[in-house]
Amino acid sequence: MTVFSIESVIDEFETTTKNAGHHQRETLRQILEQNGKAEYLQSLGLGGRTDPESYKACVPLVTHSDLEPYIQRIADGDSSPILTGKPIPAISLSSGTTQGKRKYLPFTEELVQSTMQIYRTSFAFRNREYPIGDGKALQFIYGSKQFKTKGGLTATTATTNVYMSEQFKCTMKDIQSQCASPDEVIFGPDYQQSLYCHLLCGLIYSDEVQFIFSTFAHSLVHSFRIFEKVWEEICTDIRVGVLSSRITVPSIREAVSKILVPNPSLADSIYNKCVGLSNWYGVIPALWPNAKYVYGIMTGSMEPYLKTLRHYAGNLPLMSADYGSSEGWIGANVNPSLPPELATFVVLPNIGYFEFIPLEKPQMQELEISPSSIHYVEAEPIGLTDVEVGKEYEVVISNFAGLYRYRLGDVVKVTGFHNCAPELQFICRRSLMLSINIDKNTEKDLQLSVEEAAKLLAEEKIQVVDFTSHADTLTDPGHYVIFWELSSDSSDEILQSCCNCLDLSFADAGYVSSRKVSAIGPLELRIVRKGTFNMILDHYVGLGGVLSQFKVPRCISQSNNKVLQILCKNVTSCYFSTAYEK
Ligand code: AMP
């Protein structure tokens with residue numbers, strides 16, 4: 001076992017970021033040397049050159065669809081060097097919530113290494129400010145279904161590939177983050193049973209739990225919403241020492257039964273704490289008195305859950321986790337005390353070669369001539385150390401997984417530098433857009449509009465539990481449809497004003513001008529039944545997704561008809577905006 005030293009991890013990070021430019025050239029050289037004989041690189045005529053200039057001149061920028069045929073061949077069992085020099089040992093499946101279709105991505109040993117590097121780095125900074133003791137972590141993590149591709153490779157979510165790796169357990173031990181639940185719970189075949197047992201195991205070890213974690217904030221909020229429903233049953237299990245009959249998976253029953261012994265005093269204490277809470281405010285510190293913080297990705301599409309998470313977390317700090325994707329890691333959060341809304345990520349210059357496509361908002365006249373897929377005016381990609389503070393970029397990644405000049409599709413803003421490595425703020429995904437004609441709205445625009453309109457519900461203490469949208473082009477003219485699930489019913493009058501407010505809050509010039517001339521019809525707000533968004537979650541988990549990696553798709557395309565059907569079948573009322581009526 002390695003001995004974890006906070007100081008040496010921080011020192012290493014400081015040295016690496018001071019020499020960011022050098023590490024970038026060196027990382028690119030290693031990537032190209034290791035994979036130089038791969039068919040993809042061979043075809044581009046690099047001829048063994050490994051410098052950034054030749055790389056940029058010979059290798060085109062790509063998106064996933066450009067690489068799909070190559071990855072498909074790997075999945076089908078062609079073990080010749082296609083994208084990488086070494087054979088690819090496994091396939092990762094992206095969450096697929098964006099387009100409704102899951103992407104195949106190469107998974108390699110180097111991705112495990114960079115995951116561990118990111119975990120250690122951010123842990124070192126976190127622990128310097130909020131030291132945890134020896135103990136456990138209540139981690140809402142899940143392995144997803146695995147299947148074999150035609151060629152016999154394991155295909156599963158990227159997080160599952162990581163959790164299954166040897167190194168994961170060692171690193172978790174090093175950074176005092178061992179999960180309170182046994183593996184059988186993490187890898188159980190039924191996520192609802194696993195979630196129940198995570199809560200139960202977390203409570204059995206309640207005095208030892210040092211922090212609460214899930215990959216994304218959505219699953220933290222989801223877990224505590226479920227806790228509100230099952231807490232009495234959990235208390236009974238702890239009181240009598242027998243697992244509820246709702247747990248039917250034999251492996252989970254066996255593993256959890258081993259640690260469940262009758263403990264009436266713990267059950268009483270949990271029971272009394274729960275009944276003493278006001279609307280579940282502060283449930284986390286009440287039940288886990290030694291927890292130091294709540295941890296998970298809370299930025300980007302997770303921001304809408306912060307309010308509810310803060311409610312459950314009471315006085316405990318919320319700490320936003322690192323920035324990465326199934327394609328590879330990008331940056332670590334080394335300023336853990338910043339609130340999630342301000343979280344930034346320092347790019348690690350030795351885990352990949354990074355480029356940044358400068359993005360500018362188009363002027364009105366450019367808007368009118370640009371095709372609707374273009375939301376920004378782009379310039380040539382620039383290197384990691386050349387980015388400018390205050391500007392927005394799309395991230396391009398090249399790494400050991402055989403992704404070369406791969407457009408990640410994320411928009412980030414540079415907020416500063418840590419030594420010579422940029423600090424990025426996550427802005428939004430590029431592709432998630434509401435667009436009918438010249439209007440263009442990202443998930444961030446949608447989020448801001450929903451936040452604005454939801455203020456009108458706040459007086460009644462009603463919350464928007466979740467939301468999504470759809471650009472309905474089957475009507476003439478097309479119009480935006482916003483779906484809301486609410487925590488309780490509201491009046492028609494208030495919802496009508498919310499609908500108008502939503503319509504007015506889309507401030508994009510293309511939208512406003514189209515609305516004024518009725519080139520886009522009145523925005524429609526549809527209220528869906530409680531539990532509808534859980535059905536969407538079930539739908540994705542059924543397809544092989546995983547609760548902890550789940551992101552609610554914020555814009556449902558016409559082609560994603562399963563999800564659209566779930567939403568439409570559960571509509572209880574709808575409102576059309578009157579905001580632009582003359
Ligand atoms: P997946 O493909 O399921 O692995 O999801 C990766 C995507 O999740 C990234 O491309 C981002 O859009 C988003 N994401 C990952 N980490 C963060 C973060 N720290 N903040 C905001 N969004 C993130």
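Both ligands and their constituent atoms are indexed starting at 1 by order of listing.
- By the criterion of a heavy-atom distance under 4.0 Å, neither the backbone nor the side chain of Lys103 is placed next to ligand 1.
- Both the backbone and the side chain of Thr299 come within 4.0 Å of ligand 1, counting heavy atoms alone.
- Residue contacts with ligand 1: Gly324 is included, with a non-hydrogen atom under 4.0 Å away.
- His222 has its ring centre no less than 6.0 Å from the ring centre of Phe550.
- Within the 4.0 Å heavy-atom criterion, the part of Gln549 lying near ligand 1 is the side chain and not the backbone.
- In this structure, His64 and Tyr406 have perpendicular ring planes: the angle between them is above 60°, well past the 30° mark.
- Aromatic ring pairs are classed by plane angle as parallel below 30°, tilted from 30° to 60° and perpendicular above 60°; the pair Phe211 and Tyr293 is parallel.
- The contact set between ligand 1 and Ser325, taken as ligand atoms under 4.0 Å from a residue heavy atom, comprises 4 (O), 6 (C), 9 (C), 10 (O).
- Residue Tyr323 touches ligand 1 through backbone and side chain together, judged by heavy-atom distances below 4.0 Å.
- Contact annotation: Thr157 has no heavy atom less than 4.0 Å from any atom of ligand 1.
- Taking only nitrogen or oxygen atoms, main chain and side chain alike, Ser326 reaches within less than 3.5 Å of ligand 1.
- Annotation: Asp410 places an N or O atom under 3.5 Å from an N or O atom of ligand 1; distance criterion only.
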